[in-house]
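This report refers to the structure that appears directly beneath it.
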Amino acid sequence: MQNTAKPQADIRLGIMSALAEEQSGLIDAMENPSRLVHGMREYTAGSLWGIESVAVLSRIGKVAAGMTAATLVEKFGVTHIVFTGVAGSADPDVQVGDVVIADSLVQHDMDASPLFPRFEVPLTGLSHLPSDLALSDRLAAAAGKFLEATSGPRLHRGLIGSGDLFVHDGKRLAALKSALPGLLAVEMEGAAVAQVCFELGIPFAVIRTISDNADESAAVDFVEFVRTVASRYAFGIIENFCRSWTL
Ligand code: SAH
């Protein structure tokens, strides 16, 4: 008998965001969705453009994101995780509306010195937690295709810093930047997901649309951007990303 079904990628994708606006639309696009509430989060499992997926809002900050990532793996059996959300720019070349994909992530508020070097996650030997290259390449291709249609925004790849801090202070950002050369963006979850995925051996990628410049006007810019733009990006890029496995 001939099998006419589309080839299915052998993955179960976890899709995380911190805020509803960073993920809205994706839940509605899911085929055969089923919901489960666990640990103050709602996990929705279903099929997204042919990819078996579980979408969840992590809530904000490193512990919230780490807990959610571990649950996605241990309870929902995801094989890959993509975090999609917004971030503050940490580089003059990276502008509001641009997209940053992490090559590696650092917990910029981790400092167990002098016992361990500043930024190193104790007992991992790492300060820069690398994301999965193949998954990040696939995400970059999906983002590039999405951005082609919207002239202006650019795609960057490099270092993303995460901390339990909404950075809204130019001086603070400059200090971080000088301690972490190559830092492109700051947010509050990615490097926690990176640590969990590193420890559990799960490939992951992080994509962030720049919502603000992490300076004194960050709070206002952030709210406006999240309200108007963030969800369009997440939806378009994740659609291209899922389709890329089955086309
Ligand atoms: N509940 C508030 C605060 C959101 S915190 C609200 O909705 O208005 C900001 C979120 O966006 C975090 O999840 C973080 O990952 C990201 N983010 C955007 N800009 C940031 C910045 N300048 N510093 C740190 N995180 C930022």
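Both counts, for ligands and for their atoms, begin at 1 and track the order of listing. Position 1 is the first residue of the sequence, and the numbers go up from there. What you see is a predicted model, and the numbers here were worked out from it, not measured in a lab.
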*asked:* Show me, by chain and number, every protein residue that has a heavy-atom distance under 4.0 Å to ligand 1.
replied: A18, I60, V86, A87, G88, L165, F166, V167, V186, E187, M188, E189, R208, S211, D212, A214, F222
*E216 side chain reached by D169 side chain, heavy atoms, under 4.5 Å*: yes
*salt bridge (charged side-chain N to carboxylate O under 4.0 Å, His left out) assessment of E224 paired with R227*: CA-CA 5 Å; E224 178 63 10; R227 197 174 56 80; 2.9 Å; yes
*State, yes or no, whether a side-chain contact exists between I160 and F83 at a heavy-atom distance under 4.5 Å.*
no
*Is the H80 ring parallel, tilted or perpendicular to the W245 ring (thresholds 30°, 60°)?*
perpendicular
_If you define the side chain from C-beta out and look only at heavy atoms, does anything of T84 sit under 4.5 Å from F235?_
no
*asked:* Using a 3.5 Å distance criterion without hydrogens, assess whether the side chain of K177 forms a donor-acceptor pair with backbone atoms of D91.
replied: no
